[in-house]
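The structure appears right after this line, and notes come after that.
Predicted, not measured: the structure shown is a model, and the values here were computed from it.
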Amino acid sequence: MGRASSKEDAGTLFHSLRSAYAATPLNLKIIDLYVGFSIFTALIQVVYMAIVGSFPFNSFLSGVLSCVGTAVLAVCLRIQVNKENKEFKDLPPERAFADFVLCNLVLHLVIMNFLG
Amino acid sequence: MRKFWVIFVASILILLPFLCSSFSPDTPTDRRVLVLLDDFAIKSSHSSYFNSLKSRGFDLDFKLADDPKIALQRYGQYLYDALILFCPSVERFGGSIDVAAIINFVDSGHDLVIAADVNASDLIREVATECGVDFDEDPSAMVIDHTGYSVSETEGDHTLIASDDFIKSDVILGSKKITAPVLFQGIGHSLNPVNSLVLKVLSASPSAYSANPKSRLSTPPSLTGSAISLVSVVQARNNARILISGSLSMFSNRFFRSGVQKAGSTTKHEKSGNEQFLTELSKWVFHERGHLKAVNVKHYKVGETNEPALYRINDELVYSVEVYEWSGSSWEPYVADDVQVQFYMMSPYVLKTLSNDKKGLYSTSFKVPDVYGVFQFKVEYQKLGYTSLSLAKQIPVRPYRHNEYERFIPTAYPYYGAAFSTMAGFFIFSFVHLYNK
């Protein structure tokens, strides 16, 4: 096993990941996009705090928590809606969505309060 | 019966003015002075000095130093405002006076004048040491100066010296310059350089030394040069003033009237500077000059007039104080440009020089620092020759209340934006998710 072959391995790994991902259903891809968006927003806020300092720390926390919280809730929705998941076979997707909406409502209520 | 009452009331009314003319903080000049003498010949040989004091309104009470009836206080109240000790050879004071009584007298804010001389007793030296001044330990030593002596017809032993090395202070020595040197014949003393309360008013010239004039020097003298002080003053922390002189004869009529010519200079002065020097110095010692009082400390927020109980950080405030100087008969406004106020909590956060309006009102305005806690407005004014002013007023400073911050903090706009964008994202996502086939 030389260096050239590990590079080839990384290349084949990446390609196989891409092709496997392309096979996922569209609604799951939309959820993934949503998760990616909220994590990206959280990262921007962390970089901003590192530059400017943590003066209104409560605002920083509430902003980051809103992003991380929606990411977590979106991941939960994805787990429950994914048809390949044996655990949630009997759970109707509407129920999963309703849970998602309620939890998001609570999350945003908390965020608004903590934002100052 | 009626006549008796009239006489009784009239006598009380006549006595009232005498009861009112005593030393008090409103009139700081001393009034009643006890003068202790070795013998009453001093009263006539130093009459010029005593008359100059009497003409300024002092009540002098002459007593012998070992008179058994002398007392500084009776039933806890002091009978005199100042004490003059013209008794260098007293071995033991009479009555209830001793070193401790004299020190307590000074500690309670009263003034003291001590004149030692060549035969000064241990008692007088002890009193002087308690006041912060050390006379030469050799009991027969005098100050000798072979280049700064006063020229006279007889070739003396150069113990009569003419000195013009005065302290530079208009408050202590008066505004008129003393042109003639001062005649001095007596013992010298030294001051501890660490002591910041003692000042050399008249120092010996660099060629003076302290030794016994009648014997040959076997060892180098311990006190030499300008370290020898001939006349010193002490201003204690409670503003009591003490004058210590090593020569009683410098107060005498003979020295006041005699002419003086310093060896090595050609000018012959008709009259020595003793009278002017000692008169001006006595004005300072007895609080006729250089006595300050600070009243009416006021602080308020800019734009208001009442004094708040506490300030908030970043408030603008104004501090003002009135300082007056006693002129001998009335309080005059004190004019200076170096009075400073500190806004102090463990260390001064703000130190500003107060600007005055020439009528005694000193004021300045500044911004409260961005630190909360319990601060003090401190004025610590110590100028050479003036009484020290020490004012402190405590004031708390609070941080912002939470409705005193800006409603929307500009640095937090990205976080507000992120939270709202997450909400918008959630709405859009839920639509897309529901209506996606």
_Heavy-atom pairs under 4.5 Å with chain B - which of A74(A), S38(A), S59(A), P25(A) has more of them than the others?_
S59(A)
_K393(B) charged N/C atom sitting above F377(B) aromatic ring, 6.0 Å / 45°_ = no
*Anything under 30° is parallel, anything over 60° is perpendicular, the rest tilted; go ahead and classify Y405(B) against Y400(B).*
tilted
*Counting only heavy atoms closer than 4.5 Å, note whether F426(B) contacts chain A via side chain, backbone, both or neither.*
both
*Compute both the distance and the angle, then confirm whether K293(B) meets the cation-pi test with W326(B): under 6.0 Å from the six-membered ring centre, within 45 degrees of the axis.*
no
*Heavy-atom distance under 4.5 Å to chain B: side chain of L115(A), backbone, both or neither?*
both
*Distance only, no hydrogens: is a donor on one side chain within 3.5 Å (strictly under) of an acceptor on the other, for Y362(B) and D357(B)?*
no
*Checking heavy atoms, do the side chain of I31(A), its backbone, both or neither come under 4.5 Å from chain B?*
both
*Using the six-membered ring wherever Trp is involved, compare the ring planes of F431(B) and Y435(B) and label them parallel, tilted or perpendicular (cut-offs 30° and 60°).*
parallel
*Pick one of side chain, backbone, both or neither for F60(A), based on which atoms fall under 4.5 Å of a heavy atom in chain B.*
both
*Side chain, backbone, both or neither: which part of F420(B) has an atom under 4.5 Å from a heavy atom of chain A?*
side chain
*Relative to chain B, which segment of M49(A) carries a heavy atom at a distance below 4.5 Å: side chain, backbone, both, or neither?*
both
_Any donor-acceptor N or O pair under 3.5 Å, side chains D32(A), Y21(A)_ = yes
